[in-house]
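In what follows, every heavy atom counts, from backbone to side chain, and hydrogens, waters and symmetry copies are set aside. Please read these numbers as outputs of a predicted model, since none were measured by experiment.
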Amino acid sequence: MRKRHIVGALEERPETEERWTAFAALQLGLILVTATAFALTVLLTNESYDDAYISYRYAEHWAGGIGLKWNPQDPPVYGASSVAHCFLLTIGKLIGIHPRAASVTIQVVSHAAMSALAFLLVAPSAGRWAALGAGILTAVSLPNVFQGQGLEIEMYTALTLVALSLSIKQKYWAAGLTAGLAMATRLDGATIVGVVVISSLFDERRLSAAMRVIGGAAAPVCIWLVGTTLYFGSPLPQSMWAKLASNWPPPFRIYGIFELWAGEPIIAMCLPFAVIGAAACAIHRERVIVLWLAMYLCAYRFSGMPSYGWYYPPAMTAIYVLTFMGMSELVQLARRFQHAPVLFGILVFVVSLFVMVSKGVAGPVRAAWAGAPQPSSPHIAAAKWLKENADDGDRVLAYEIGKIGYVSGLYVIDMFGLVSPDVLPYLSAGGFTEVIRKTRFDYAFVLTERNVLPTDQTFRTVWTSENEEYRIVVREEAVPAGSAG
């Protein structure tokens, strides 16, 4: 079976479909083993993000019959970023799997699927050696695994890659269905639905193709829209409004992909090849990858969303795919190299080895292999202190709520407003200081260095973390009437 290249150049020696499939299966197996081992190593030697514990608490309440609520006493608030992820964690809890174990399992499977999908996206157009490089690079991508700890972002990325692959193969109904599942997983999945619709119109020049995409996406999107609207009162997550109301961190930046991980040389190496790959894809069906990448980055940039690291893995994976498409184009254009595929395979191995030993990967992984103890989480320590010292009816105002809420089991108010819509007017008016001034609470978990405590009120510190980065304070006078409950 002869593989085509986006820029027609060097002809590969004809190869039977059986032989090509056999070698591709071996390469795919290598990618899956590498991705699984790497993801497990990183995830089991690092604590999940605090935001992941928000979903853990939602899942425990849902499994316990309380409903999809943060505080059992309050009406439902769409505080988790993904109802679909909470649903999977809840199923895990019902069959006896701890939410963290369930989230690690979901992420490992998703990471392995992403790596395999990177291979399958590249192989038809650039050959299996380039595909091997894309798969291995995705498999050992520390940013993807590290920035998604306990979250749904890699599951969302895997669904997006499936939708892109199906769109390239012109399986529009299935592409629409998968894109709809991506949108039901994260609201920004609207970008992949839109892109697949646009791509189908470009490819087929017929409205019927776009209608097949919309028909496939309709069921999961409608279930998500109707379900969240009826239960929460809106299909839009409360976290979206909270992030827009906060002035920290800075807004999402397109160049943040490279700025965020400037210490990882592999990302700088990818850029020129990715540009070549994007240019080559632009005139073929693979342009859907470029179109989606552009729409995804622009949607975040112009919506005003903050620059959180876990927004970048979907874009990084698309860049890895385009990188090896670009590398393949350069190799194939060098006609004098009769054994270009073999040389390219060696290049893939060298690049992959370089990634594995780069300082970005070596940090937490090498420490784990050496048996170094992991630092204790100040959030967990604070939550345990609150669980032992606070009364059942006490209210806790927290700078970061996930671990505090999940471990303590207390009534927790979010200073960011992710699960506490009542604080948003204060957050917009005067930041965290105004939230603390106007909110009624018994304990406040705050970040020491931000110095957000109001100067016109008196506070007493009752707990401090080992490095004094966080502390718990109590207010020594009553809150003025009319404050947030």
Side-chain polar contacts of residues 89-99 - donor-acceptor pairs under 3.5 angstrom, sequence neighbours left out - could you list them?
unit_1	atom_1	unit_2	atom_2	d
T90	OG1	C86	O	2.7
K93	NZ	E60	OE2	3.3
H98	ND1	R100	N	3.0
H98	NE2	Y406	OH	3.0

Atom pair [atom1] ([X]) and [atom2] ([Y]), whose distance is rounded to the nearest 0.5 Å:
X    : Y    : atom1 : atom2 : value
T105 : L88  : OG1   : CG    : 11.0 Å
D50  : H379 : CG    : NE2   : 5.0 Å
S125 : I289 : OG    : CD1   : 7.5 Å
L201 : Y172 : CG    : OH    : 9.0 Å
I136 : T34  : CD1   : OG1   : 4.0 Å
L121 : L322 : CG    : CG    : 9.5 Å

Exercise: identify the closest heavy-atom pair between [X] and [Y]:
X    : Y    : result
W70  : I401 : CH2-O, 3.6 Å
S420 : D414 : OG-N, 2.9 Å
G180 : V221 : CA-CG2, 3.8 Å
L68  : W62  : CD1-CE3, 3.3 Å
A163 : A179 : CB-N, 3.9 Å
L159 : T178 : O-CG2, 3.2 Å

Is the shortest side-chain heavy-atom distance between [X] and [Y] below 4.5 Å?
X    : Y    : value
E286 : I168 : yes
V213 : S200 : yes
Y399 : F416 : yes
W310 : D51  : yes
T317 : Y312 : no
T41  : F38  : no
L177 : P220 : yes
T323 : I319 : yes

Any donor-acceptor pair under 3.5 Å linking the side-chain atoms of [Y] with those of [X]?
X    : Y    : value
Y56  : S103 : yes
Y53  : S48  : no
N144 : T138 : no

Taking [X] for its side chain and [Y] for its backbone only, find out whether a donor-acceptor pair lies under 3.5 Å.
X    : Y    : answer
R57  : G405 : yes
Y58  : G79  : yes
S141 : L137 : no
T36  : L32  : yes
T228 : L225 : yes
S115 : H111 : yes
Q149 : F146 : yes
Q107 : M155 : no

**Request:** Quick one: do Q238 and L418 satisfy side chain to side chain contact (heavy atoms under 4.5 Å, CB included)? Show the steps, please.
**Result:** CA-CA 6 Å; Q238 171 64 23; L418 297 176; 5.8 Å; no

**Complete:** In short, salt bridge (charged side-chain N to carboxylate O under 4.0 Å, His left out) pairs touching residues 134-152 with sequence neighbours left out are E152-R186

**Item:** Sequence neighbours excluded - salt bridge (charged side-chain N to carboxylate O under 4.0 Å, His left out) pairs with any residue from residues 191-203
**Value:** D203-R285, D203-R287

**Audit row: Y156, H85, side chain to side chain contact (heavy atoms under 4.5 Å, CB included) steps and yes/no** = CA-CA 10 Å; Y156 164 78; H85 191 237; over 6 Å; no

**Message:** Evaluate V109 against E154 for side chain to side chain contact (heavy atoms under 4.5 Å, CB included), listing each step before the verdict.
**Reply:** CA-CA 9 Å; V109 171; E154 289 208 289; over 6 Å; no

Over 12 foreign heavy atoms within 6.0 Å of [atom1], [X]:
X    : atom1 : answer
F232 : CZ    : yes
K69  : NZ    : yes
M211 : CE    : no

**Message:** Assess the residue pair Y231 and Y78 against the criterion (ring-ring contact (aromatic ring centres under 6.0 Å, His included)); give the C-alpha distance rounded to whole Å, side-chain angles, the decisive distance to 0.1 Å, and a yes or no.
**Reply:** CA-CA 9 Å; Y231 192 77; Y78 193 170; 9.6 Å; no

